[in-house]
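A quick write-up on the structure given underneath.
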Amino acid sequence: MSAPLKIQHLRQFVLAADLGSFRDAAHGTFRSQAAVSAAMQDLEQQIGAPLFEPGKRARLTPLGQTLLPSFRELLATHDRVQDGARLYAMGYQGPVSLAVMPSLADEWLPRLVARYAQRHPDVRIRAVDESSPNVHRLVLSGDVQVGVAGQLPRTEELAFSPVARDSFGLVCRKTHPLARRRSVPWSALAGERLIANATFATLKGRQLGAGVDDPAMDISNRASLLASVAGGLGVTALPVLARPPASTGLAFVPLVEPVVERIVGVLTRRDETLLPSVAAMHALALRSLAQFTRRKGATLY
């Protein structure tokens, strides 16, 4: 089997052909003229026929003229693949997919994606919001590479990095009698029209009252949920990380007796090396979620 053609030899060949000079080809590839001449002799031996006419000037033979387009195409392919590989290795290219639980999808997720896209403008990003069990399932199956969700029973195939201890609070209109309290026991919700949401999966079976286990309404979309509370249809319970901003006109009052927490973190598949672009998203998600946790008033893990 013949030895593979050397990219450096092909590059010197194309330069010599384009510039009509071995000296200029040597200058363009940071080699001596003698080294380029020797490289062209090696290339001709590999091809099995002369590529340059005898003499000092780099004038192609008919075979050299015939092979020049193919060598030029091979160089372009090599350079394109090499540049692409470097961009992938540096995290500037490569697909990134993530799944985020709904309580973080409206306020935190857009900021995360914006920060990442600013640093990695050529990376294709796919983001979905799903319940925490579905986030775990999507990461486990490989449908997404990074997940942000509440902690579930340990799965050996998943690596979970906890970030926040997220406790629940009552969300109601600011004119609601309970809005003036510093804290509210879960038992105080017994007489309220309670609207469930996607986070209620954490509350089921904790003996927090009939309203939690059998709510009057169930609205999974966060924007619709807050609009319903603002419209006076009822009250709801949300974690601190999902507490509505002041601009909504809604109050957030910590729920106690008992304090119910969920652990929120970032997960990936265990023992699987991440693409550099995905590793950058994973690292940014950890930092960004910690910053968001402090800003919202939740407790860092």
Side-chain angles (χ1 to χ4, degrees), residues 1-98 111-127 142 144-146 266 268-269 271-288:
M1 181 181 294
S2 60
L5 299 176
K6 296 181 179 179
I7 292 296
Q8 182 71 354
H9 288 184
L10 296 182
R11 199 177 304 282
Q12 292 165 348
F13 170 83
V14 170
L15 271 177
D18 289 344
L19 301 175
S21 168
F22 291 130
R23 183 182 62 186
D24 291 344
H27 179 75
T29 56
F30 305 99
R31 304 283 293 189
S32 68
Q33 184 172 344
V36 171
S37 296
M40 295 305 95
Q41 291 175 6
D42 288 344
L43 182 60
E44 288 179 331
Q45 289 179 356
Q46 280 189 282
I47 297 300
L51 299 174
F52 293 94
E53 297 289 359
K56 296 182 179 180
R57 299 294 296 178
R59 186 161 62 90
L60 294 177
T61 63
L63 176 61
Q65 294 173 3
T66 299
L67 294 179
L68 178 60
S70 297
F71 288 171
R72 197 187 303 278
E73 180 182 358
L74 180 57
L75 275 176
T77 300
H78 169 272
D79 292 347
R80 184 175 64 254
V81 171
Q82 179 175 268
D83 290 345
R86 287 173 176 167
L87 290 172
Y88 270 93
M90 296 172 66
Y92 295 132
Q93 284 188 357
V96 171
S97 57
L98 67 155
R111 299 182 185 189
L112 171 72
V113 172
R115 287 177 62 182
Y116 184 88
Q118 185 177 20
R119 302 175 187 180
H120 305 266
D122 296 323
V123 172
R124 186 173 67 255
I125 304 171
R126 180 173 69 92
V144 301
Q145 299 149 321
V146 178
V266 182
T268 59
R269 287 178 63 88
D271 300 329
E272 182 175 289
T273 301
L274 301 175
L275 274 174
S277 57
V278 178
M281 173 63 82
H282 180 255
L284 180 60
L286 286 170
R287 293 195 305 272
S288 176

**Message:** Are the side chains of L5 and Q46 in contact, using a 4.5 Å heavy-atom criterion?
**Reply:** yes

**Request:** Output yes when D42 and K6 qualify as a salt bridge under the 4.0 Å nitrogen-oxygen rule, no when they do not.
**Result:** no

**Message:** On a heavy-atom basis, which atom in A17 and which in L60 lie closest, and how many Å separate them?
**Reply:** CB-CD1, 3.7 Å

**Fill in**
Closest non-hydrogen atoms of F22 and A16, given as atom of the first, atom of the second and distance, are CD2-CB, 3.9 Å

**Fill in**
Distance col, row L67:CG vs L10:CG, nearest 0.5 angstrom, shows 10.0 Å

**Those residues that, when tested against R287, pass side-chain hydrogen bond (donor to acceptor under 3.5 Å, both in side chains) (two or more places apart)** = none

**T61 to P50 - nearest heavy-atom pair and separation** = OG1-O, 3.0 Å

**Distance-minimising heavy-atom pair for G94 and V123** = O-CG1, 2.8 Å

**Message:** Distance check, rounded to the nearest 0.5 Å: L74 atom CG versus R11 atom CZ?
**Reply:** 10.0 Å

**Prompt:** After noting the C-alpha distance and the side-chain angles of V266 and M281, does the key distance pass the side chain to side chain contact (heavy atoms under 4.5 Å, CB included) rule?
**Reply:** CA-CA 11 Å; V266 182; M281 173 63 82; over 6 Å; no

**Message:** Closer than 3.5 angstrom, by distance alone: can the side chain of Q145 be matched with the main-chain N or O of T268 as a donor-acceptor pair?
**Reply:** no

List, one per line, each side-chain donor-acceptor pair under 3.5 Å for residues 23-32, sequence neighbours excluded.
| from | atom 1 | to | atom 2 | distance (Å) |
| --- | --- | --- | --- | --- |
| T29 | OG1 | A25 | O | 2.8 |
| S32 | OG | A35 | N | 3.1 |

**Request:** For residues E44 and L63, determine if any side-chain heavy atom of one lies less than 4.5 Å from a side-chain heavy atom of the other.
**Result:** no

**Request:** Nearest 0.5 Å please: distance from the CD atom of Q12 over to the OG atom of S37.
**Result:** 9.5 Å

**Request:** Measure the spacing between CD1 of I125 and CG of L98 and express it to the nearest 0.5 Å.
**Result:** 8.0 Å

**Residues, nucleotides or ligands: over 12 heavy atoms within 6.0 Å of R115 CZ** = yes

**Item:** CG-NE2 distance between L284 and H282, expressed to the nearest 0.5 angstrom
**Value:** 11.0 Å

**Asked** Could you state the interatomic distance from NE2 (H120) to CD (Q93), rounded to the nearest 0.5 Å?
**Response** 12.5 Å

**Asked** Can you find a heavy atom in the side chain of R72 that is under 4.5 Å from one in the side chain of D18?
**Response** yes

**Prompt:** Where do P62 and E53 come nearest, in terms of heavy atoms and distance?
**Reply:** CD-OE2, 3.8 Å

